[in-house]
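In what follows, every heavy atom counts, from backbone to side chain, and hydrogens, waters and symmetry copies are set aside.
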Amino acid sequence: MSVPQPWTAWFDATRAGAPHCFAQLATVGPDGARCRTLAMRERHGAELWFTTDQRSEKVIELQRQAPPQGHPHAEACWYDLTSRTQWRFRGPVRFLLPDTHPQDCQRLWEKLDDADRARFHGPPPGSLHQTGLPQPGDHIAEDFSILVLRAEHVKVLELADLPHRHWYYPGEGRAAPTRLMP
């Protein structure tokens with residue numbers, strides 16, 4: 001490949017061929033860096049949408065680091081085993097909540113299976129295990145939200161061929177990418 005296409009088209013093509021899109025999200029807690037895996041649900045332009053529980057530590061960490069004017073920042077990393085391509089997305093994060101974005105939240109809520117929906121109605125993430133979790137129900141849980149990462153910096157590392165290729169897309173990928181050393 002000489003120069004890749006815009007990252008959004010490339011990402012969509014890669015994701016279409018992948019069985020899953022689980023990305024690792026990095027945040028900073030009081031004791032240092034933290035990383036966890038989230039299911040990427042949708043992409044809208046340069047925004048990556050993940051579902052999350054507002055009671056989770058990642059939400060608290062992100063809210064804690066938010067500047068007075070603006071949004072906190074995070075980085076997500078997805079490795080597609082099929083194409084052997086690593087994607088890194090960095091930028092500001094915001095949350096879509098059921099009371100402010102009811103249609104978007106309802107649409108993603110309905111895509112979750114019963115076990116995932118039940119977890120949102122149960123005890124907070126990271127609390128002590130309890131038996132007899134609640135039934136999922138059709139109504140959206142009040143702590144359900146959509147974590148939106150606006151990808152202002154995208155790096156793509158192609159590992160399938162030698163030499164490996166490393167690309168940097170500034171902004172939303174409209175400009176041609178810069179090739180970096182792998």
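- Side-chain polar atoms of Glu42 and His44 form a donor-acceptor pair below 3.5 angstrom.
- By the 6.0 Å and 45° rule, Arg43 does not stack over the aromatic ring of Trp49.
- Residues Phe89 and Phe11 place their aromatic rings such that the two centres sit under 6.0 Å apart.
- Residues forming a salt bridge (charged side-chain N to carboxylate O under 4.0 Å, His left out) with Arg88 (at least two apart in sequence, or on another chain): Glu75.
- For Leu180, the side-chain contact (heavy atoms from CB on, under 4.5 Å) partners at least two apart in sequence or on another chain are Lys155, His166, Tyr168, Thr178.
- Remark: Arg64 does not engage Glu57 in a salt bridge, criterion side-chain N to carboxylate O under 4.0 Å.
- The shortest distance between side-chain heavy atoms of Phe22 and Trp78 does not fall below 4.5 Å.
- In this structure, a donor-acceptor pair under 3.5 Å is absent between the side chains of Thr27 and Arg34.
- Using a 4.0 Å cut-off between charged nitrogen and carboxylate oxygen, Arg84 and Glu158 do not count as a salt-bridge pair.
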Step-by-step side-chain hydrogen bond (donor to acceptor under 3.5 Å, both in side chains) determination, Glu61 to Gln65: CA-CA 6 Å; Glu61 291 162 3; Gln65 80 170 73; over 6 Å; no
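- Separation of atoms CG (Leu38) and CG (Leu149) is listed at 10.0 Å; rounding is to 0.5 Å.
- In this structure, Asp53 and Ser145 have side chains that are not in contact, with every pair of non-hydrogen atoms separated by 4.5 Å or more.
- Within 6.0 Å of the CD atom in Glu142, the count of heavy atoms belonging to other residues, nucleotides or ligands does not exceed 12.
- No side-chain heavy atom of Thr85 sits under 4.5 Å from any side-chain heavy atom of Leu157.
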